[in-house]
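Let me begin by presenting the structure, written as structure tokens, before commenting on it.
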Amino acid sequence: MGIPNVSIHRQSAQQPEIAQSAAVVSQPQTVRSPISERVKQAYLENREMTAGQVVTAIEILSPVNKRSGEGRNTYIQKRQRILSSLTHLVEIDLLRGWQMMPVLGLPTDGDYRILISHSERCPSADWYAIDLKEPLPTLPIPLLYPDEFATVNLQTLLTAVYDRGGFDYVLDYSRPLNPELPEKKAIWASQLLVEQGLKS
């Protein structure tokens with residue numbers, strides 16, 4: 001048995017009605033409660049056909065992976081699980097903004113970054129630091145032993161996606177870049193866009 005905080009009773013017909021002053025009822029506003037938002041992230045896996053074993057995980061980083069907060073923490077935990085397993089990791093970072101993924105040593109920091117970790121060589125890994133003016137490299141994708149690797153021409157692949165997706169019609173190249181480019185690169189990029197007819 002508990003003692004209720006509030007009790008509601010029907011008023012007896014014999015009791016005199018108590019006069020009440022007119023109350024002003026406050027009207028509510030619509031607000032949003034702070035809840036966790038689950039964002040689905042796409043990724044590629046290279047699997048061995050007979051056993052279904054994941055041979056290589058290919059991750060293309062999104063802003064959710066790099067911005068501080070729950071998304072980054074979740075991805076770093078997943079990354080650690082892959083690096084501690086027998087699965088190879090190919091991590092492609094084509095985002096100039098936010099903090100890069102943690103690596104040990106003194107890696108060169110390019111505009112774009114690619115990490116290729118072979119499970120048998122871990123914790124050593126291959127690091128690509130790519131300047132904006134350079135084409136994206138052809139990547140060696142590690143496979144299951146005794147096969148050495150498959151190759152993916154990342155620049156050709158990205159160009160094909162750009163052309164098929166019609167991004168030249170969607171993107172507004174007159175808007176300022178975020179994050180901004182250093183002055184020399186900004187001049188180079190602007191001239192390139194004019195030559196391609198994407199900017200006047």
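We count residues from 1, following the sequence as given.
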Derivation of the side chain to side chain contact (heavy atoms under 4.5 Å, CB included) call for K185 and D131 = CA-CA 10 Å; K185 285 185 181 178; D131 190 86; 3.0 Å; yes
ask   = Does the pair E70 and T74 meet the rule for a side-chain hydrogen bond (donor to acceptor under 3.5 Å, both in side chains), with working shown?
value = CA-CA 6 Å; E70 186 178 346; T74 300; 4.9 Å; no
request  = Check the pair K133 / D111 against salt bridge (charged side-chain N to carboxylate O under 4.0 Å, His left out), numbers first and verdict last.
outcome  = CA-CA 9 Å; K133 297 181 181 182; D111 294 304; over 6 Å; no
request  = Show the numbers, then the answer: is there a side chain to side chain contact (heavy atoms under 4.5 Å, CB included) between Y112 and R96?
outcome  = CA-CA 6 Å; Y112 307 127; R96 293 185 299 108; 4.0 Å; yes
task = Go through the steps to decide whether R81 and T87 satisfy the test side chain to side chain contact (heavy atoms under 4.5 Å, CB included), and finish with yes or no.
result = CA-CA 9 Å; R81 285 196 303 271; T87 301; over 6 Å; no
ask   = Is there a side chain to side chain contact (heavy atoms under 4.5 Å, CB included) between T138 and V152 once you walk through the steps?
value = CA-CA 5 Å; T138 296; V152 172; over 6 Å; no
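Between I76 and P102, some side-chain heavy-atom pair lies under the 4.5 Å cut-off. Counting heavy atoms from C-beta outward, P140 and I116 have side chains that approach closer than 4.5 Å. Inter-residue side-chain proximity for H88 and I82 is flagged as unmet; no heavy-atom pair is nearer than 4.5 Å. Annotation: side chain of K199 is not in contact with side chain of L192 (no heavy-atom distance under 4.5 Å).
Side-chain heavy atoms closer than 4.5 Å link hydrophobic residues (I, L, V, M, F, W, Y) into clusters, and following such links, possibly through other members, connects I92 to L136. Cluster annotation: M101 is not connected to L95 through the hydrophobic network of ILVMFWY side chains, with a link wherever side-chain heavy atoms come within less than 4.5 Å. The cluster map of Ile, Leu, Val, Met, Phe, Trp and Tyr, joined by side-chain heavy atoms under 4.5 Å apart, puts L89 and I58 in different clusters. There is a path of hydrophobic side-chain contacts, each under 4.5 Å, that joins I130 to I141. Residue L94 is grouped with residue L132 when hydrophobic side chains (ILVMFWY) are merged at heavy-atom distances under 4.5 angstrom, including chains of intermediate members.
Under the side-chain hydrogen bond (donor to acceptor under 3.5 Å, both in side chains) criterion, N178 pairs with no residue, sequence neighbours left out. Residues meeting the side-chain hydrogen bond (donor to acceptor under 3.5 Å, both in side chains) test with D126, sequence neighbours left out: R121. Scored by the side-chain hydrogen bond (donor to acceptor under 3.5 Å, both in side chains) test, S200 finds no partners at all (sequence neighbours excluded).
Of all non-hydrogen atoms in L198 and Y162, the two that sit nearest each other are CD1-OH, 4.0 Å. Taking each heavy atom of A129 and G110 in turn, the nearest pair found is CB-N, 3.6 Å. C122 and L83 get closest at one heavy-atom pair: SG-O, 3.5 Å.
Counting only distance, with no hydrogens or angles, the side chain of S190 and the backbone of A186 share no donor-acceptor pair below 3.5 Å. Here the side chain of T56 pairs a donor or acceptor atom with the backbone of P142 at under 3.5 angstrom. Proximity of a side-chain donor or acceptor of W127 to a complementary backbone N or O of T108 within less than 3.5 Å is detected.
Residue R67 holds its CZ atom at 7.5 Å from OG of S62, rounded to the nearest 0.5 Å. Here the CG-CG distance, from L61 to D93, works out to 4.5 Å after rounding to the nearest 0.5 Å. The CG atom of N65 lies 11.5 Å from the CG atom of N73; values are rounded to the nearest 0.5 Å. In this structure, the separation between CD on Q77 and CZ on R72 is 12.5 Å, given to the nearest 0.5 Å. Here L86 contributes atom CG and S119 contributes atom OG; the two are 5.5 Å apart, rounded to the nearest 0.5 Å.
Heavy-atom neighbours of E180 CD from other residues, nucleotides or ligands within 6.0 Å: at or below the threshold of 12.
A side-chain donor from one of Y75 and E91 sits under 3.5 Å from a side-chain acceptor of the other. A donor and an acceptor atom, one from each side chain of S84 and Q80, are nowhere located under 3.5 Å apart.
The pair K78-E59 counts as a salt bridge, with a side-chain nitrogen and a carboxylate oxygen less than 4.0 angstrom apart.
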